[in-house]
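First up is the structure itself, then whatever we jot down about it.
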Amino acid sequence: MTTQALLTLADVSKGYWDGGAERQVIDRLSLSLDAGQSLTLWGPSGSGKSTLLNLIAGVVPVDSGELLLQPDPEHSRIRYGRESVAQTAALRRLHIGYVFQFFNLIPTLTVRENVRLSLTMAQREVLEEEALARLARLRLGHRLDAFPDELSGGEQQRAAIARALAPRPALLLADEPTGNLDAANAAEVLDALFGALEESRCALVIATHDAAVAERTDRRLELG
Amino acid sequence: MIWRSHLRFLARTPWSLTVSMLGLVLGVASLTAVHLLTERLVQSLDRAIPVHLKASQATVTAADLSSEDYFWLRRSWRAGAVAGVDAMTPVVEGSILAGDTRARVVGLDWLALIDGAPPLFPSSPSAPTTDGSTSTASTAPPLPLASRIVASERLGVTVGERLVLADLAVEVAAVVSDDGFADATPLIYADIALAQKLLRRSEERLDLILLFGRDVRPGYERWLAALMPGLEAGFSDRLAMALPPAAAERGLRLRGLRSQLPEQAFGRAVLFNLGALSLLSLLVSWFLQYQTAVLWLRRQWPTHRLMLLQGVPLSLVARVFLSLLLLLGAIAGVLGLLVGVGLADWLRTQGLDAAAAEQTGLSFGPWLLAKALGSALGVPLVAGIMAWRGLNDVRASADLAGRPGTSSATVRWLRPLAVGVSLGLAGWLARTPATGLFGAFGAILLLCLVGILCVAPLLTFGRQRLFSPAVGRWFGGRLTVLMGVRDLFRYPGDLSAALCALVLAVATSVGIGTMVDSFRSDFDAMLDGRLEAPIVLEGPAPLLETLASDLRAATVVAELRPTYRGRAQVAGQPVSLRFEPFDEHFRRAFALAHVPEAGDVLLNERASRLLAARVDSSITVGRQSFRVAGRYPGYGDSDLRLRLSVEPDTLIRARSDRFGIATLLEQLRVYPGADPAACDALISALAERNPSLRVSRRDAVRTRALEVFDRTFAITRSLSTLALIVAAVGLYAALVSIALLQAGNQRLLVMLGQSRSERLGFQLGRSSAVTTITLALALPLGLILAALLCQVVNPRGFGWSVPMQLDGPVLVWPFVVTLLAALLAGVFSGRERHG
């Protein structure tokens, strides 16, 4: 049994057609991330932070290169990069959690149901007790039957973190998770995020241009 | 710039645009087709009214009307005691043989009509003469006075020709077109004195008195009749005429013209049904237009909001949006008109036989253009305004997602009040025969309104229940299904219009389908009884009489049953008479408990109702009184029909004047003996020798009867299916609109790794919810509509009631269409979103 990086990007490139010309957003990028590590994707708007997150999540195919994910040492490595959204669905369900800036929760499901949806999709319903306990630690124990629009912005983001971590993903992707919050709420959400990461030994890739966020991660990758 | 943005939006959503336009085009096409068909059929019905009835407004009848009654009435009129009458004439009617042809003689006092009544015969540009030449002057035909008659073309005579009718020499003064009674019998117009002689009637006896006056129909009735051809059948006869009080003592009754034209009433009742159905198509199409407006507005809202933020006036954005709807409405209107002509053409070949379809041309009229374009332009405008307001409401209530919206106290009370009043009024209309067809369809429309009014509360109720955590626990792991269901109920306003349309269409489909299938099943059972004779012979009466003698002597024939026909006025109503032996065959044919007595009479339901004849009461036909032994449905009888028992041999020997009524041999029913093949060969040989003999074999008659039945209802079924398709398009628009509101969810679900089966579960949840809501309302409503159609509309419109029978496929078909539409909408709304 060999121990390898949780996530490896090998010569990954991605470009878009923009105004008749191809614009290379990610150019032959290679990096690796170990379990429990955190990485900030740093750069101005349009530098490719969200694109890179989408490449790692498998919702956007790479133009060249490949990605490798080893959720835990007992699993063989998963190679991906050129598959369709549907083909990488199982990867996201089981191994990757995601937190957006907005629309993190299904508005027609309660907090408890949102978490349960995530577990159901990963077929890890047995983890419900653990997920509910995490919600309680994130001070949402009394809001389990509330619908998202009944929660404050900070509560919504904390619930989203709990939802994303519920199936015990190996990797958590976060796209400007505090971009929509005031300073106090943002700090609270970051505490919750990093606290939860410590518990779970999950790796984190976070896209932000908030220096306070970047300072709390192990590494920083500058884009653009 | 704003226009360009809107047009680009349309270009980028071709699928949504195509489906919405398709719905609009189908809506306009269906109303165009119904209008064209009913308009033409009304015209052809009008052509089938005999000239003397076409110009008159009312009749005076009595159980035993005499010329003394007529002269008394005339004197009263001259004295000013009969209001609203400009002219009057006595009438005698009956059938005679003109050579081998049965002709109908109508005798009038033509001179009494010269002053006060409009000219009865239209001017003719050319009239055939005995020497083969034609006159080119456009002149009115001469009146049939003294021994001169006016004949219809079908009699096959020429002007100036001399004929001998009933031993009397007459001369043809003019030949007029074949307009006349629907039974296609040739007409002979004669002076009343000559007619009485031809019919061997006493000079004292009259059939009725015709009254002429002005048309007093109110303007709105004419307006409605022009807008919705066929709807006039629902109006009661309006008479501005009144008889003096003493007329009642003489037993004289004033009646509208309809009582003399039962086949007209029948035809117009069919048209009324079509007209009412077209109203439904119109409603469904309007709901669709609203749904389309909501969908487009929803999709363009982000652009609109951006424009408003940049300082573009709200009125300008709204104007451009509404103008675009009008533009698309106009295109849909024109296309709908064109498709409607094609649809009408197809429907008439489905619903009419080839000959009738050939005679029925189609053309645009101002009313049709007004209706189609008004619907295509006016409704999008109103729908657009409502959608604009509705969107603001949705946006305002978006923060309250998951909980019931608040409505004002007035609205909360108004809805149950409207439901209660509608139910009460519908019940009253259904139970009050005097309200006629309008009442029956009024009841149906009110019940549809109740169904529509229940949609929004049902959605709100569903929202209250579904958005509780307890329901979430009940769904357990099927959370994607729960999401699909809750999505539907989140914005009731977006879905309610489409659901209203779908409920209407499905309920109508169930109602009409159940009625037609019940009718067909009963009709089929009736054919089993009525078509028990293996072979039926029809043809000229003299030929049948000769054949009857031959066939009685033939050993290959086990039994021969002749039937005879005649016409008479019974209690002032024209009735059709059928004479046949009351025996075991008759008992079986009419499913009677026992064989009726010779002095009994059997009535069809229509006659029983209009003559107010109950079982065991007596009824006078000609000079003889009969006991009413029972009644039968009489499907397809536009006439009031009486079946009487007659000793066949007596009739064969003394063909006419039985009970004072001329009777003609109509059919010979042949029952083969031990060797059916030999009997068949004999009949075939007879048919070869006698070209005018028509031979019908049981199986062929049965097939033909069912074919005619199916054709009769083909238009109804097609229109109901079309309404269902249009409603399904509306549902698609509604589901796309909802899917657009949930676009954020979809992105999240993709990131969560939603699988194909989970996506299918989501769509299935949504589709099942739509289907459940629709069927929860539409099935009971459809069954109530079916009961109303069977037990209220049919008796009022056609004269017979139909025992209602539930049929599986009729109930399953709308369920399948709804589910399919919802599923397809789920699949294609996703395609549009991603495309």
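Just so we're clear, the structure is a prediction, and the values are computed from it rather than from any experiment. In what follows, chains are A, B, ... by sequence order, proteins preceding strands, each numbered from 1.
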Hey, could you give me the CG/OG1 distance between B/Leu466 and A/Thr108, rounded to the nearest 0.5 Å? 10.5 Å

Kindly say whether B/Leu752 contributes a backbone atom to a donor-acceptor pair with the side chain of A/Arg93 at under 3.5 angstrom? no

On a heavy-atom basis, the closest approach of B/Phe467 and A/Phe147 is O-CE1, 3.2 Å

Heavy atoms from other residues, nucleotides or ligands near CD of A/Glu66 exceed 12 (cutoff 6.0 Å): yes

Heavy-atom pairs under 4.5 Å with chain B are the metric here; pick the option from A/Ile106, A/Leu173, A/Thr110, A/Thr88 that has the most. A/Ile106

Rounded to the nearest 0.5 Å, what separates atom CG in A/Leu109 from atom CG in B/Leu482? 6.0 Å

Does atom CZ (A/Arg201) have a neighbourhood of more than 12 heavy atoms from anything else shown, all under 6.0 Å? no

Please say whether more than 12 non-hydrogen atoms of neighbouring residues, nucleotides or ligands are located less than 6.0 Å from CZ in B/Phe461. no

Would you say A/Leu53 and B/Met751 make side-chain contact, with heavy atoms under 4.5 Å? no

